[in-house]
2 protein chains.
Amino acid sequence: MTVYTTSALKAELNDRGWRLTPQRQTILNVFQQLPKGKHLSAEDLYNLLENQGEPISLSTIYRSLKLMARMGILRELELGEGHKHYELNQPYPHHHDHLICVRCNKTIEFKNDSILKIGTKTAEKEGYHLLDCQLTIHAICPTCQRALLPV
Amino acid sequence: MTVYTTSALKAELNDRGWRLTPQRQTILNVFQQLPKGKHLSAEDLYNLLENQGEPISLSTIYRSLKLMARMGILRELELGEGHKHYELNQPYPHHHDHLICVRCNKTIEFKNDSILKIGTKTAEKEGYHLLDCQLTIHAICPTCQRALLPV
DNA sequence: CGTTAATTGTGTATGATTTTCAATAGAGTA
DNA sequence: TACTCTATTGAAAATCATACACAATTAACG
Ligand SMILES: [Mn+2]
Ligand SMILES: [Mn+2]
Ligand SMILES: [Zn+2]
Ligand SMILES: [Zn+2]
């Protein structure tokens with residue numbers, strides 16, 4: 001399922017006794033329309049929605065991001081900036097991972113089909129239900145390598 | 001390099017104009033003697049050292065963990081518990097990764113040799129100097145699957 | 001050994017995320 | 001459509017991990 005339609009979201013929420021709210025719809029839409037390679041923090045999302053004229057409280061933002069990550073709709077990323085970032089959790093043809101410079105936090109996305117396969121196989125072998133798997137590479141970028149000894 | 005000797009740590013610190021302190025030595029020793037599969041938070045480490053009779057201030061703990069992670073000596077893990085965990089960063093024969101239940105945070109370690117290879121190749125291709133790569137699998141464990149709809 | 005800057009410990013600040021709680025509003029049902 | 005029930009929201013306050021400030025200490029190096 002590449003595009004998570006509103007009705008699919010509603011179905012999945014209602015199945016669990018939860019509700020589809022305008023806020024959750026709005027947040028899903030934002031991520032679906034987000035340019036490839038963009039990652040949003042809670043605060044980013046809060047500001048984006050405010051500028052867009054459909055504000056949502058920061059509490060609800062945090063609650064929704066957490067919920068949607070646990071449902072497997074969003075991926076929660078640790079990009080070394082001191083707060084989490086989120087992006088759409090997209091399966092096979094679109095799966096990608098991140099290479100992060102530990103000094104300047106520059107992040108590069110890359111694709112490697114083996115990763116999702118390994119994640120799927122490993123989860124299955126242990127009887128786990130897979131939600132997301134991410135290879136995070138911590139490294140020092142060429143620019144920061146040249147800068148002498150900083151940090 | 002499987003065992004990071006004290007003198008190796010000293011050399012690497014001094015090369016950068018930094019110092020080998022008793023605190024840094026102590027912390028390295030703790031991780032080297034940590035049972036396989038154990039991960040320590042800053043607070044865990046703080047308490048462990050206090051009980052062990054060689055207390056180190058929490059500030060220094062935080063500073064040292066961050067430093068040693070950026071040097072590639074430790075790995076910084078996000079295990080879903082709201083704070084970071086650390087373990088020794090061990091190369092090839094000992095490299096492993098983590099499968100985490102997003103509901104109960106139970107964590108399983110697993111090995112797959114492809115992962116480190118992919119990380120190495122990807123970093124190299126982009127001109128990055130590799131420090132660590134980790135495949136984190138977020139999933140729901142068998143126990144939590146059986147529990148109905150919780151969370 | 002003396003010099004010098006890195007490091008430490010204590011106390012305090014910061015900032016991301018969570019919680020509380022009263023008001024609101026989805027979802028299922030008659 | 002109206003009604004009930006409880007999940008959800010927004011605002012404010014609370015938490016808690018982590019960072020910072022600064023004076024005192026100390027590792028490195030000549
Ligand atoms: Mn991405
Ligand atoms: Mn581990
Ligand atoms: Zn960099
Ligand atoms: Zn579980």
Side-chain angles (χ1 to χ4, degrees), chain A residues 6-28 39-47 49-50 54-71 74 76-86 102 105 148-151, chain B residues 6-28 39-47 49-50 54-71 74 76-86 102 105 148-151:
Chain A
T6 295
S7 55
L9 176 60
K10 175 168 165 53
E12 223 166 289
L13 287 166
N14 291 351
D15 276 357
R16 312 185 189 199
W18 299 336
R19 297 173 182 174
L20 176 65
T21 63
Q23 288 88 341
R24 290 172 179 171
Q25 261 180 76
T26 300
I27 291 174
L28 177 60
H39 309 118
L40 298 181
S41 67
E43 190 109 10
D44 291 338
L45 178 56
Y46 177 80
N47 292 327
L49 288 169
E50 188 161 60
E54 30 190 350
I56 296 180
S57 80
L58 203 46
S59 286
T60 299
I61 300 267
Y62 274 108
R63 284 186 287 234
S64 302
L65 290 174
K66 189 175 204 174
L67 177 73
M68 293 166 82
R70 280 163 177 255
M71 291 176 71
L74 298 180
E76 197 171 67
L77 307 174
E78 190 54 67
L79 302 178
E81 298 187 16
H83 48 251
K84 298 195 173 83
H85 283 79
Y86 296 83
V102 301
N105 290 332
L148 282 318
L149 315 183
V151 175
Chain B
T6 296
S7 55
L9 176 60
K10 175 167 164 54
E12 223 167 288
L13 286 166
N14 291 351
D15 276 358
R16 310 185 189 198
W18 299 336
R19 297 174 183 175
L20 177 65
T21 64
Q23 290 87 342
R24 289 172 182 172
Q25 263 181 74
T26 299
I27 292 174
L28 177 59
H39 308 118
L40 298 181
S41 67
E43 191 111 9
D44 291 337
L45 179 55
Y46 177 79
N47 293 327
L49 288 170
E50 190 160 59
E54 32 191 347
I56 297 181
S57 79
L58 203 48
S59 283
T60 298
I61 300 268
Y62 273 108
R63 282 185 290 232
S64 302
L65 290 174
K66 189 176 201 172
L67 176 73
M68 292 167 81
R70 281 163 176 256
M71 290 175 73
L74 298 180
E76 197 171 66
L77 307 174
E78 189 55 67
L79 302 179
E81 298 187 14
H83 46 252
K84 299 197 172 80
H85 283 79
Y86 296 81
V102 300
N105 290 331
L148 283 319
L149 317 182
V151 174

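Chain identifiers are assigned alphabetically (A, B, ...) following the order of the sequence lines, protein sequences preceding nucleic acid strands; residue numbering begins at 1 within each chain.
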(request) May I have the distance from Leu67(B) (atom CG) to dC20(D) (atom C1'), rounded to whole angstrom? (result) 17 Å

(request) Calculate, to the nearest 0.5 Å, the distance between atoms CD and OH belonging to Glu76(B) and Tyr86(B) respectively. (result) 3.5 Å

(request) Figure out the CD/C1' separation between Glu78(B) and dA17(D), and round it to whole Å. (result) 11 Å

(request) In whole angstrom, give the distance that lies between atom CG of Asp44(B) and atom P of dT18(D). (result) 11 Å

(request) Could you tell me the separation between the CD atom of Gln25(A) and the P atom of dT9(D), rounded to a whole number of Å? (result) 12 Å

(request) Output the distance between atom OG1 (Thr21(B)) and atom CZ (Arg63(B)), rounded to the nearest 0.5 Å. (result) 10.5 Å

(request) Using five base pairs at each end, measure the axis-to-axis angle across the helix from dC1(C)-dG30(D) to dA30(C)-dT1(D) and round it to 10 degrees. (result) 60°

(request) Could you state the atom-to-atom distance from CZ of Arg19(B) to C1' of dA6(C) in whole Å? (result) 4 Å

(message) Can you measure His85(B) atom NE2 to dA17(D) atom P for me and round it to whole angstrom units?
(response) 11 Å

(request) To the nearest 0.5 angstrom, please state how far the CD atom of Glu43(B) sits from the CG atom of Leu58(B). (result) 6.0 Å

(message) Starting the side chain at C-beta, find the nucleotide from dT7(C), dA27(D), dA27(C) nearest to Pro22(B).
(response) dA27(D)

(request) To the nearest 0.5 Å, tell me how far Trp18(A) CH2 sits from Arg24(A) CZ. (result) 8.0 Å

(message) Measure CG/Asp15(A) against C1'/dA27(C) and give the value in whole Å, please.
(response) 13 Å

(request) Round to the nearest Å and state the distance from Leu13(A) atom CG to dT8(D) atom C1'. (result) 11 Å

(message) Taking 4.0 Å as the cut-off, does a side-chain nitrogen or oxygen of Lys10(A) come that near to OP1 or OP2 on dG26(C)?
(response) no

(request) Summarise protein proximity over nucleotides 8-18 of chain C in one line of letters, 5' to 3': B for base, S for sugar-phosphate only, - for none, counting protein heavy atoms closer than 4.0 Å. (result) BBBB----SBB

(message) Going by side-chain contact (heavy atoms from CB on, under 4.5 Å), name the residues that satisfy it together with Thr26(B), two or more places apart in sequence or in a different chain.
(response) Leu49(B), Glu54(B), Ile56(B)

(request) Working to the nearest 0.5 Å, report the span between CG of Leu45(A) and CD1 of Ile61(A). (result) 4.0 Å

(message) How close do Asp44(B) and His39(B) get, counting heavy atoms only, and between which atoms?
(response) OD2-O, 3.9 Å

(request) Would you indicate whether the side-chain heavy atoms of Glu12(A) and Met71(A) approach each other to under 4.5 Å? (result) yes

(message) So, taking the atom named NE2 in His85(A) and the one named CD in Glu78(A), what distance separates them when rounded to the nearest 0.5 Å?
(response) 9.5 Å

